[in-house]
Amino acid sequence: MLSSGFAGAPVSRSLTYGIVAASILASITDVKHYFYIQVDPHLWRYHQLWRIFTYQLCYTNSTEVLFAAMTLYNMRVIERLWGSRKYASFILLCYCLTAILPPLLLAFVLRPLSFNHLNYLPAGSTPIIFAMLAQYHAVIPHIYKYRIAASAAPPANEPFVGLTFSDKSYVYLPAVQLSLSQFPGSLLCAFVGWAVGYSWRNEVLPGAMTRWRIPGWVVGIQTKKREEEFEVLRRRLETENTNAAAATGSDGRLGGLLIRHSTYRYAVQFRNHRNLTLREEQASYIKTLKSYGTKVIRLWVANSYDGCTKSSTTHSIPPYETDIGTYDDSVLKALDSVLSQLHSAGIKAIIAPHDANLLPPSGSDSGYNGIDIYGKTYQSSDNFYSSEDAKLAYDKRIASILNYKSPSFGKAWKDLSEVILAFDIQNEPMIASEGKLAANDPDDWICGRADKMKKVIGTSGVKIATGGIGGSEYWGHEYNNLDKALKCSAIDIISVHGYMTEASQWAAYVPKLSDQAASNNKSLMIEEWGVGTDASDDIEKQAAVFTDAGLYWQIISGKSIDQECDSSACCHQGMSSQANEAYEVGFGSSRADFKMLMGNADSATGRQDWGFVF
């Protein structure tokens, strides 16, 4: 659940206390008149340009201080999501931009257009607060909505007349009060702040500005120096894996599952592994992963197109289901070829049969990763999980995949416990239906699908995993250990997904989640773990937190963005240049010594016994 107070949000705490203290101090020392701006006389006649850099430091009345403090307190969830270093960097950048833009707009645009009537810019951090609010609006989904009727309840056949609000309205209302408190100057500040925040998020600002970070020590982060042996190993890996790094046969994001000795080992995730025809290149890649100590790879039932993805060449494979109930086995045949190679290498697979990111949030035309036949047919994620027809259709899809007869092994996938560790129910179920997550899956979709899968799998030994319920785990969005999933007897493994910037953020969940799962007779694995290049704590430091289980996904065969390109036409193609989204790590990258990390995991004692798998 969401932690109370400023736990895990030191920047938010300092900013809130600082603005309150500065406002009180300005009042009791009677210097409030130094903090607002009047274009004439302050700028034109007196040339007091220093006011541009001081007007955001405090407010001049108690009402604004109260509403600002409330809004800043509510914004602490963004710091917990991003990490303190990124959050502080964003605030400092916004401060610089909003210090200049509102006075410029007022002095050179609004004042002349109003015939010198608009001349006043109020004191306060309203521009910065609205820049934060733009991030809150974009990344924090609402949990519930409610309506305020304008009249008595109308008959069922008449449309509702009134206003619809969400739980986020309580955050927006104090901010709206701030924007109108000293109209029109306060509204100008709010508008500019929102525009700056929106521009930052949508990459309108230069990349150098959005990627810039303050030194870690400013927010109490100590940067760990890399050892000389690390650099030697990196150069050796670059030499040994030149062919693998340039290979075009391994399209997709790959990563590693940190599984402890006699319980967990390291694994790798083949995400979007669709170019499955170049067997020799795949074999070279799998051999390298095996040499690292990899034990599990995650495979996806997904289509692909001719082109480039994640620094690798991709080839066309049609969707498994082009119409509801009509299946094309092409992707299963390709995946089966990979299963055969994995078995020879002593590696097992987790298979994700569908991606919930293809289901649109309510009111959207596309899911976070596009849209498929289920998204088009049922139009929204909420409809998909509520519809009985959708449940039947999805159960048939899963059954067809589980019963697929392997050309390589001569038996159905549901019986391949020698190479398949588990089937996910779905990748990140309900990621676009947070209301259903908050209501603890009111349609019993997750356990219902697991029950159907268990009936097909029987006693073969292949397990059922949750697939990361709700997507990434973070403060205020903690659904991976959903109560109904924990209590569902058909589920064997709880999957955790998370993209943290600091090791301390993981420490809040590990080993707590593992113990929660164990108390309900479940195993737990960190199925997705991503570390951007702008993270406060690097891969090695975050991996050290996982005393029980963890995963680094997205080890790629091509060059990651921190590496220089070679002659490959697909180098760096299909990868984000945004530091906070740069999760992919190439074999020769200096970002992490995966062989060392896997070795550390292999030699540690885990909290759970995974001997039934390895």
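What's counted below: heavy atoms across the whole structure, side chains too, no hydrogens, waters or symmetry copies.
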>> Has Ser89 got a side-chain atom pairing as donor or acceptor with Ile214's backbone, closer than 3.5 angstrom?
In response: yes
> Going by atom types only, do Gln516 and Asn481 share a side-chain donor-acceptor pair under 3.5 Å?
Replying inline: yes
>> So does Arg13 get a backbone contact from the side chain of Thr16, meaning a donor-acceptor N/O pair under 3.5 Å?
In response: no
> Do Tyr120 and Gln182 have a side chain donor and acceptor closer than 3.5 Å?
Replying inline: yes
> Considering all heavy atoms of both residues, which atom of Cys58 and which atom of Ala26 are nearest to each other, and what is their separation?
Replying inline: SG-CB, 4.0 Å
> Between Trp529 and Tyr499, is the gap from one ring center to the other below 6.0 Å?
Replying inline: no
> For the side chain of Tyr136 and the backbone of Ile78, is there at least one donor-acceptor N/O pair under 3.5 Å apart?
Replying inline: no
> Do Lys436 and Pro442 come close enough that some side-chain heavy atom pair is under 4.5 Å?
Replying inline: yes
> Would Trp200 and Gln135 count as a side-chain contact (heavy atoms from CB on, under 4.5 Å) if you check the C-alpha gap in whole Å, the side-chain angles of each, and the deciding distance to 0.1 Å?
Replying inline: CA-CA 9 Å; Trp200 184 92; Gln135 314 310 311; 3.7 Å; yes
>> If you count heavy atoms of other groups shown closer than 6.0 angstrom to OH of Tyr34, is the number above 12?
In response: no
> Counting only heavy atoms not in Tyr198, do more than 12 fall under 6.0 Å of its OH?
Replying inline: no
> How far apart are the closest heavy atoms of Phe90 and Ala131, and which atoms are they?
Replying inline: CZ-O, 3.5 Å
>> Using only atom types and a distance under 3.5 Å, with no angle test, would you say the side chain of Ser23 pairs donor to acceptor with the backbone of Tyr59?
In response: yes
> Taking Thr71 for the side chain and Phe67 for the main chain, is one N or O donor matched with an acceptor at less than 3.5 Å?
Replying inline: yes
> How close do Glu527 and Ser495 get, heavy atom to heavy atom, and via which atoms?
Replying inline: OE1-CB, 3.4 Å
> Would Leu118 and Val39 count as a side-chain contact (heavy atoms from CB on, under 4.5 Å) if you check the C-alpha gap in whole Å, the side-chain angles of each, and the deciding distance to 0.1 Å?
Replying inline: CA-CA 9 Å; Leu118 297 179; Val39 177; over 6 Å; no
> Do you know the tightest heavy-atom contact between Phe130 and Ala175?
Replying inline: CZ-O, 3.2 Å
> At their closest point, which heavy atom of Leu486 faces which heavy atom of Ala517, and how far apart are they?
Replying inline: CD2-CA, 4.0 Å
> Which distance, rounded to the nearest 0.5 Å, do you find between the CD1 of Ile91 and the CE of Met75?
Replying inline: 11.0 Å
> Does His477 have its ring centroid less than 6.0 Å away from the ring centroid of Tyr479?
Replying inline: yes
> Using the ring of each side chain (for Trp, its six-membered ring), is Tyr73 parallel, tilted or perpendicular to Phe6, with breaks at 30° and 60°?
Replying inline: perpendicular
> Is the closest side-chain heavy-atom distance between Leu106 and Asn119 below 4.5 Å?
Replying inline: no
>> Rounded to the nearest 0.5 Å, what separates atom CD1 in Ile52 from atom CG in Leu43?
In response: 5.5 Å
>> If you define the side chain from C-beta out and look only at heavy atoms, does anything of Arg298 sit under 4.5 Å from Asp424?
In response: yes
> Rounded to the nearest 0.5 Å, what separation is found between the CG atom of Asp382 and the CE atom of Met430?
Replying inline: 9.5 Å
>> One pair to check against side-chain contact (heavy atoms from CB on, under 4.5 Å): Phe191 and Ser179. What are the steps and the verdict?
In response: CA-CA 8 Å; Phe191 172 79; Ser179 70; over 6 Å; no
>> I'd like to know if the side chain of Asn440 and the backbone of Lys484 have a donor-acceptor N/O pair within less than 3.5 Å.
In response: yes
> When rounded to the nearest 0.5 angstrom, what distance separates CD in Glu528 from CD in Glu473?
Replying inline: 12.5 Å
> Just wondering, more than 12 heavy atoms not from Asn116 lying within 6.0 Å of its CG?
Replying inline: yes
>> Which heavy atom of Ala69 sits nearest to which heavy atom of Val20, and what is that distance?
In response: CB-CG2, 4.1 Å
>> Please report the interatomic distance SG(Cys488) to NZ(Lys522), rounded to the nearest 0.5 Å.
In response: 6.5 Å
>> Between Arg51 and Tyr36 (side chain of the first, backbone of the second, donor and acceptor by atom type, cut-off under 3.5 Å), is there such a pair?
In response: yes
> Would you call the rings of Phe108 and Trp44 parallel, tilted or perpendicular if under 30° counts as parallel and over 60° as perpendicular?
Replying inline: perpendicular
> Could you state the interatomic distance from CD (Gln38) to OH (Tyr46), rounded to the nearest 0.5 Å?
Replying inline: 9.5 Å
> Do Gln177 and Glu64 have side-chain atoms, one donor and one acceptor, less than 3.5 Å apart?
Replying inline: no
> Checking Ser364 side chain against Ser366 main chain: does a donor-acceptor pair fall under 3.5 Å?
Replying inline: no
> Hey, does Thr54 have a side-chain heavy atom less than 4.5 Å from the side chain of Trp50?
Replying inline: yes
> Would you call Leu178 and Ser186 a side-chain contact if the rule is heavy atoms closer than 4.5 Å?
Replying inline: no
>> Could you go through Ser84 and Glu79, starting from their C-alpha distance and side-chain angles, then the distance that decides it, and tell me whether this counts as side chain to side chain donor-acceptor pair (under 3.5 Å)?
In response: CA-CA 6 Å; Ser84 296; Glu79 180 179 357; 2.7 Å; yes
>> Could you check whether any side-chain heavy atom of Asn480 comes within less than 4.5 Å of a side-chain heavy atom of Thr466, counting everything from C-beta outward?
In response: no
> If only atom types and distance count, is the side chain of Gln426 paired as donor or acceptor with the main-chain N or O of Gly467 below 3.5 Å?
Replying inline: no
>> Would you say that Tyr172 contacts His137 through its side chain, given a criterion of any heavy-atom pair below 4.5 Å between the two side chains?
In response: yes
> Do the side chains of Trp194 and Leu133 get nearer than 4.5 Å, heavy atoms only?
Replying inline: yes
> Taking everything shown except Tyr95 itself, do over 12 heavy atoms lie less than 6.0 Å from its OH?
Replying inline: yes
> Between the main-chain N or O of Val204 and the side-chain N or O of Asn202, is there a donor-acceptor pair closer than 3.5 Å?
Replying inline: no
>> Could you go through Leu15 and Met132, starting from their C-alpha distance and side-chain angles, then the distance that decides it, and tell me whether this counts as side-chain contact (heavy atoms from CB on, under 4.5 Å)?
In response: CA-CA 12 Å; Leu15 188 61; Met132 299 175 190; 3.3 Å; yes
